2 protein chains.
Amino acid sequence: MDDTPGYRPLYRQVRDILVKRIATGVWQAGQILPSEGDIAADLGVSQGTVRKALDEMTAENLVTRRQGRGTFVARHDDARILFQFFKLLPDTGERRFPESRVLSVHLGPESEAARILDLAETESVIRIERVRSLDEQPCIFEHIYLPESLFRGLDQRDLPNNLYQLYSVGYGVTIARATERLKAVAAQKREAKALGGAPGDPFLRIDRTAYALDSRPVEWRISLCRTESVHYLSDLR
Amino acid sequence: MDDTPGYRPLYRQVRDILVKRIATGVWQAGQILPSEGDIAADLGVSQGTVRKALDEMTAENLVTRRQGRGTFVARHDDARILFQFFKLLPDTGERRFPESRVLSVHLGPESEAARILDLAETESVIRIERVRSLDEQPCIFEHIYLPESLFRGLDQRDLPNNLYQLYSVGYGVTIARATERLKAVAAQKREAKALGGAPGDPFLRIDRTAYALDSRPVEWRISLCRTESVHYLSDLR
DNA sequence: CATAATTTGTCCGTATGTATC
DNA sequence: GGATACATACGGACAAATTAT
């Protein structure tokens, strides 16, 4: 897609400028952007060019546009998380947001996490363990790793269900996209017990790396799921 | 998305017309479309409107556009299948197309498949079983169900590795998108043996329904995967 | 409640750039 | 070089939705 860094179309340069303004907090989550015309005048380009830049950003889920109202910086509200980042659904019934119960929060170096998060091996990492439930039924055992440098003090907080909103509102870190790698594995004793299964049961293991607006990896997450009555949904198009 | 069927923007009406021309074989896979200007003149709209319609179709992987050359109906070549429809990758090394070995082909009614494919319960269904390998290592046991009415004679053919290309070239059925539901399950004797595992081993079960251009379900596929050294890749954005 | 102003959505036309043949 | 086709950029006009007056 971008094999010629020597030349970037104007609308893409505009996009980069707008993304940077969001990334650096000039425009914050939920806030309204200036109108297309104002941005165009500000940057000295045509309204159509701004429009194309915003169209791209809409496709990337970075902004939402509403006719007659304006363009808004996308928020990590529950609805968005649910559709964009939470792919585990009950076999029957509605898509729901899972309840979370935190088991532990630790702090210290962790070499594997450091490698994935692109940190020095000795850098401190926040490690969270929690169990998530759908319909009062525990079904996900989750290990989360964060660079402490980006989320200082997060380990002292009461952790909400929707972590990505906390990253955004509390630390100015916006998760823009993620990559998940799935495997089927045999349940360990501890996870099995927490989810009401038996050791050796087949569990779905989701290995997620999440990236911020500037494309840096900022969260590593391992989710072990008991998929008796839930499934992972993937749309191919 | 389409909550007001009373009004469709012009560019979307144009899109629908163009999709129908592909679906009915007026323009076939791999063929070049008329230029934007010619289509615009033909339909009596501006070139910009045709452009927006084609932009949408590009995003849906229905056509590919190449500057200086033209717009082409997307083909189900190996590269496209590999990226759009085959999400299972080796843990280390390159993305590769799996080899396939057909175990059996049967023909007859099958109530569960009929339900998913939206057929009458008595309608005949083609059922294919095959094993797929990555790097000489069998890792997928696959059950495939097709409506015989759409694919008459397919059960008598030599089945190629790339089935979607056969659907397209041989039967004019273009797979446009698919939905996959993933679970972790315990391996059955037969599947385990075929893939070199043991009964009870955790296998990844992929339940796929694939839809044609007109949004009708035309293929149901269950893939059981031994994910020892491969994983399912899902990009969230 | 009606009207005006604002903002995005759609549609059109034109000119120029870039890639391909 | 020339012809063709898509890509980019600009500008204008009207429609539809929302908000302020």
Side-chain angles (χ1 to χ4, degrees), chain A residues 1-19 21-22 27-75, chain B residues 1-19 21-22 26-28 30-75:
Chain A
M1 201 64 80
D2 40 27
D3 43 3
T4 55
Y7 169 69
R8 282 182 86 76
L10 188 52
Y11 72 85
R12 209 171 283 269
Q13 297 176 40
V14 170
R15 189 206 87 104
D16 292 347
I17 292 172
L18 301 183
V19 169
R21 288 191 185 171
I22 295 175
W27 298 321
Q28 302 202 358
Q31 281 186 351
I32 189 171
L33 268 59
S35 75
E36 294 176 352
D38 289 352
I39 296 176
D42 176 28
L43 299 180
V45 302
S46 80
Q47 181 172 342
T49 301
V50 172
R51 159 143 329 186
K52 185 148 183 174
L54 289 174
D55 281 345
E56 277 207 347
M57 293 169 69
T58 302
E60 295 172 281
N61 287 308
L62 300 183
V63 298
T64 62
R65 326 181 66 182
R66 266 174 286 180
Q67 190 173 359
R69 294 190 56 187
T71 304
F72 302 80
V73 181
R75 290 189 313 136
Chain B
M1 200 65 81
D2 41 25
D3 42 5
T4 55
Y7 170 70
R8 282 180 87 75
L10 190 52
Y11 70 85
R12 209 170 282 269
Q13 298 176 38
V14 170
R15 189 206 87 104
D16 291 347
I17 292 172
L18 301 183
V19 169
R21 288 191 185 171
I22 295 175
V26 177
W27 297 322
Q28 302 202 359
Q31 282 187 351
I32 189 170
L33 267 60
S35 76
E36 294 176 351
D38 288 353
I39 295 176
D42 176 27
L43 299 180
V45 301
S46 81
Q47 181 173 343
T49 301
V50 172
R51 164 163 309 244
K52 186 148 183 176
L54 289 174
D55 281 345
E56 278 207 346
M57 293 169 69
T58 302
E60 295 172 281
N61 287 308
L62 300 183
V63 299
T64 62
R65 328 180 65 181
R66 266 173 286 180
Q67 190 173 358
R69 296 192 53 189
T71 305
F72 301 80
V73 181
R75 290 190 313 137

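Here is how names work: the chains are called A, B, and so on, in the same order as the sequence lines, proteins then strands, and each is numbered from 1. Just so it is clear, the model here is predicted, and its values are computed rather than measured.
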Note: A/Val63 and A/Leu54 closest approach over all heavy atoms is CG2-O, 4.1 Å
Under-4.0 Å side-chain N/O to phosphate OP1/OP2 contact, A/Lys52 with D/dA9:
no
Rounded to whole Å, CG of B/Asp55 lies from C1' of D/dT8 at a distance of 12 Å
Nearest to side-chain heavy atoms of B/Arg51, which nucleotide of D/dA7, C/dT10, C/dC11:
D/dA7
Any chance you could measure B/Arg51, atom CZ, to B/Thr49, atom OG1, to the nearest 0.5 Å?
11.0 Å
Using a 4.0 Å heavy-atom cut-off across all strands, classify A/Glu36 as base, sugar-phosphate, or nothing.
sugar-phosphate
Verify the contact: side-chain N or O of B/Arg65 to OP1 or OP2 of D/dA7, cut-off strictly under 4.0 Å; return yes or no.
yes
C/dC21 phosphate, OP1 or OP2: any side-chain N/O from B/Arg69 under 4.0 angstrom?
yes
Please report, rounded to the nearest Å, how far the P atom of D/dT8 is from the CZ atom of A/Arg8.
11 Å
Candidates C/dC11, C/dT8, D/dT8 - which lies nearest the side chain of B/Thr49:
C/dC11
Could you state the atom-to-atom distance from CD of A/Gln47 to P of C/dC12 in whole Å?
18 Å
Would you kindly give the CZ-to-P distance between A/Phe72 and C/dT7, to the nearest whole Å?
11 Å
Which base sits across from C/dC1 as a Watson-Crick or G-U pair, both distances under 3.5 Å?
none
Whichever of A/Val45 and A/Gln67 has the more 5' nearest nucleotide on DNA chain D, that residue is A/Val45
Atom CZ of A/Arg12 and atom C1' of C/dT18: how far apart are they, to the nearest Å?
15 Å
Calculate the interatomic distance between A/Glu56 atom CD and D/dA9 atom C1'; express it in whole Å.
14 Å
Atom CG of B/Leu18 and atom CG of B/Leu62: how far apart are they, to the nearest 0.5 Å?
10.5 Å
Would you tell me if any nitrogen or oxygen in the side chain of B/Arg66 comes within less than 4.0 Å of OP1 or OP2 on C/dA19?
no
Taking the side chain as C-beta and beyond, is there a heavy-atom pair between B/Ile22 and B/Met57 under 4.5 Å?
yes
Taking the nucleotide of DNA chain D with the closest heavy atom to each, which residue, B/Asp38 or A/Gly44, is nearer the 5' end?
B/Asp38
Counting just side-chain N and O atoms, does A/Thr71 come under 4.0 Å of either OP1 or OP2 of C/dT7?
no
Nearest of C/dG13, D/dC10, C/dT10 to any side-chain atom of A/Leu10?
D/dC10
More than 12 non-hydrogen atoms from neighbouring residues, nucleotides or ligands closer than 6.0 Å to CZ on B/Arg15, yes or no?
yes
Would you mind classifying the nucleic acid contact of A/Gly48 as base, sugar-phosphate or nothing, using non-hydrogen atoms under 4.0 angstrom?
nothing
